[in-house]
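Input: a single structure, listed below in structure tokens.
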Amino acid sequence: MDSYSYLSNATPEYIENLYRDFKSNPAAIDPEFKKFFEGFDFASASYNGNGKAAGVSADEFKVFELITAYRNKGHLIANTNPLRARKNRHADLDLDSFGLTEKDLEKRFVIGAEIGLPNATLKDIIVRLQSLYCGTIGFEYGYVRNKAEREWLRKKIEDGGYVFSFDVMKKERILRSLNKAVVFENFLGKKYIGEKRFSLEGGETTIPALEAIINKSAAHGVKEVVFGMAHRGRLNVLANILGKTYEEIFNEFEGNNAGDPSFGDGDVKYHLGFSSQFKTEGGNDVYLKLMPNPSHLEAVNPIVAGFCRAKANSIYNENYDQILPITIHGDAAVAGQGIVYEVLQMAKLDGYYVGGTIHFVINNQIGFTTNFDEARSSDYCTSIAATIEAPVFHVNGDDPEATVFVSELAAEYRQLFNKDVFIDMVCYRKWGHNESDDPKYTQPLLYALIDKHQNIRDIYSKKLEEHGSIEAELAKKMEKEFWDDLQARLESVKQQPLPYKPQPTEIAWNSLRKARGVDFEKSPETGVAEKTLLRLAGAMNQVPENFTPVRKMVKYLKDRQQMMVEDKKLDWAAAELLAYASILDDGKDVRLSGEDVKRGTFTHRHVVVNDEKTDEEFNRLSRLSDKQGRFRVFNSHLSEYGVLGFEYGYSITDPNPLVIWEAQFGDFNNGAQIIIDQFIAAAESKWQKNSGLVMLLPHGYEGQGPEHSSARLERFLQMCAELNMVVVNITTPANFFHAMRRQLAWEFRKPLVVMSPKSLLRHPQCVSELKELTKGSFKEVIVDEPESKKIRKVVFCSGKVYYDLKERKDKEGKKDVLIARVEQLYPIPLKQMQAVIDQHPDAEVVWLQEEPKNMGAWQFLIGRLFGVLPKKVSRISRKNSASPATGYKKQHLKELEYLMTEALK
Ligand SMILES: Cc1ncc(C[n+]2csc(CCOP(=O)(O)OP(=O)(O)O)c2C)c(N)n1
């Protein structure tokens, strides 16, 4: 039974007793009753003026419940839809639901003071509640539990703020802004008939809304705003918010900017990014960025978040009030795409926090041809917001003042509470999904309404004229001026681009260059002086005083010290941490994130150690030197798509930190396939965006079954072209050390995909000497020392299978077989491989891989390499398979036996 029916059915004596309990010990009674009695006391006191509560009645409580219900559910019946009646969402706000009747309407209630109407009639109370909560804004914030936040929101809504008090100037600015938005689309529509532009028409209020967010946020300290948005309205936002020149946009329509093919293949106009600087109404300078994005809706969200986080780290001194992420969504996409949830879950996580994102939904009630009630099960497209208690302001897009009001409210809320907040602007889509689609095939009734619907600029200017705020002439003049302006620009009258001062991160990128083929013929020197390495090893193997590592770790650290410093031998983890430590020692930052990375999935890394008594964490790479960079390491939530997207966004912001994402097992990378396909592999070609992101993907056939054996090397290789990324399958700790250091030693940045080890982490042969780290560079190919003058067979292979083969070869004494490990699969070290073949002209050449024939590197190599080599190369692999590996250990061993026998035959 809910508290309302409980109390409203109770006897007056019972309520009085409860009230007495409340007076003597407020903490002891039900919180809902407490809230009511508090409100009641307050109301009585202010009404009677004598500080004494009048008699409490059950009816007062019923009215209190009604007020509470309007606050929590009024949004369900708010007038937010500019076109048609809303679906019944069962708000249950009728009198009957509260045990009230028509007769009560004229009765007066002290509790009306809750909404500023002490002792008002129920009728007046309801009128006020409807104007507050059921007007053109539906405020959804009942689930916000933090009292300060809830009360702040309530005050903003109820203290008269909602009765907009915009002055004439502000109204005129809104009208100008709508005018720009409307005329821009009309103009493009008339000049470029049938061209796809994904017009904003029907949702033009987006433009004054975004301006309001920027202005308000800048007044509250924001220095940079980063947008992620899809196709809808993008050109309008670029022109009217970011200030991209109209010439540039027209040129793109005219197809004049074929682009420089040496920079890549380019992209369509509604995917490109843009940067600008903007002076706000209040005279504040803000940087505005629009991230480039692929067609994949919502995929840009984690990139925006990662970008903002990196900027906060490198430019804004971790002051998240200075950089604001805004993601603009479509209603179908925000409801349907799981990535929205993955990114929302980051909101309060240490490693992924960005101080709150403002989400703006252009809710045109349709997704391509799909109706809203085919597109979701939840009441709202934004219902996911409740999972992180983010308030949602649903607003009627045909009420620009209400939209500007909630936009400013969202901006203030974000700055004050550093939380996510949503604006769900309900509007419509004037045309089909794009301008050449006919929406009447599928939504004849809706489009009959839309055809008759006046555009928002006309609606608003008429409203202002009626209220005497502006003259009819002004609205017409605005339109003509803007149209003439566009025409002039189309006729190539040069528009002055806004001046732009590059940010430090952009200057850092500008000092780098594009990679060339020759860069991959020889890797740069990446050795580090032994003295330095020993110092770093010493530092990372010691914990601070007063820190009591869990017992096992005491021995672990001692053994590490012995191994690294005394014996000068390095296993994988030791070389890995030395790579990071040496980069940090150079003053650069390293960021590592992924599931369980602090310890490492395979209990090998232990870069963060816990205190046995307090659980407190100690970051082993945090006390290397005074001038060291920051080692940021975060266990991520259980997400691949979201987290890889975030790290990618981080990596394109500032070229200096080494940014690494590690998958729990390599095969999980396919959960992030969109980030790999659309960003990591293609972004340089599409958008000239470089990234030095490292992906560590545990890979290797170890009899663990079809899952967790393969990181799908073949997929990465298939995507390799035009030097877009580097793919390695490394077999020694030293080579891994050099590969990681090479990422920042290069004068360019490339994503690095690492098939990283599992059993090799502890393999007794997989050890390097410290001296291998002190000089030299990454080895693309490692050729064993020939053990015979006459080599009968050269076996090329890559990855862990080398150790299996080496062991078997030594056991069988097959000295006339030479093994060459191809450590880097792309860019292909062709010359080095060829040199091996040339040195042994009479030898048979084979490629050995542990993956099935249709997987691993084979298909890639036959396509790209073996035609070029002077020799026939034959293959040894598992057979073509649907699943990456067998689930039966015995079968696994049988297959391995076959590979070894064939390779040494
Ligand atoms: C991940 C993904 N799936 C499918 C599509 C194809 N697609 C492009 S737009 C669209 C409808 C989007 O509707 P909505 O999010 O409401 O935005 P609107 O176009 O209505 O502004 C679809 C399904 C896509 N771009 N991305």
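Atoms within each ligand, like the ligands themselves, are counted from 1 in listed order. Owing to the predicted nature of the structure, the values given are computational and were not obtained by experimental measurement.
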Full working for salt bridge (charged side-chain N to carboxylate O under 4.0 Å, His left out) between E211 and K180 = CA-CA 12 Å; E211 279 176 352; K180 280 192 302 192; 3.0 Å; yes
Return the orientation label for the H329 and F422 ring planes: parallel under 30°, perpendicular over 60°, tilted otherwise.
-> parallel
Neighbouring residues of ligand 1, heavy-atom cut-off under 4.0 Å = H231, R232, S295, H296, L297, G330, D331, A332, A333, Q337, N364, I366, G367, F368, H433
Indicate yes or no: at least one non-hydrogen side-chain atom of E401 is less than 4.5 angstrom from one of F405.
-> no
Side chain to side chain donor-acceptor pair (under 3.5 Å) assessment of H637 paired with Y352 | CA-CA 10 Å; H637 59 321; Y352 310 90; 5.8 Å; no
Do the charged groups of R429 and D437 touch, with an N to O distance under 4.0 Å?
-> no
Flag, side chain of D420 to backbone of A390, donor-acceptor distance under 3.5 Å = no
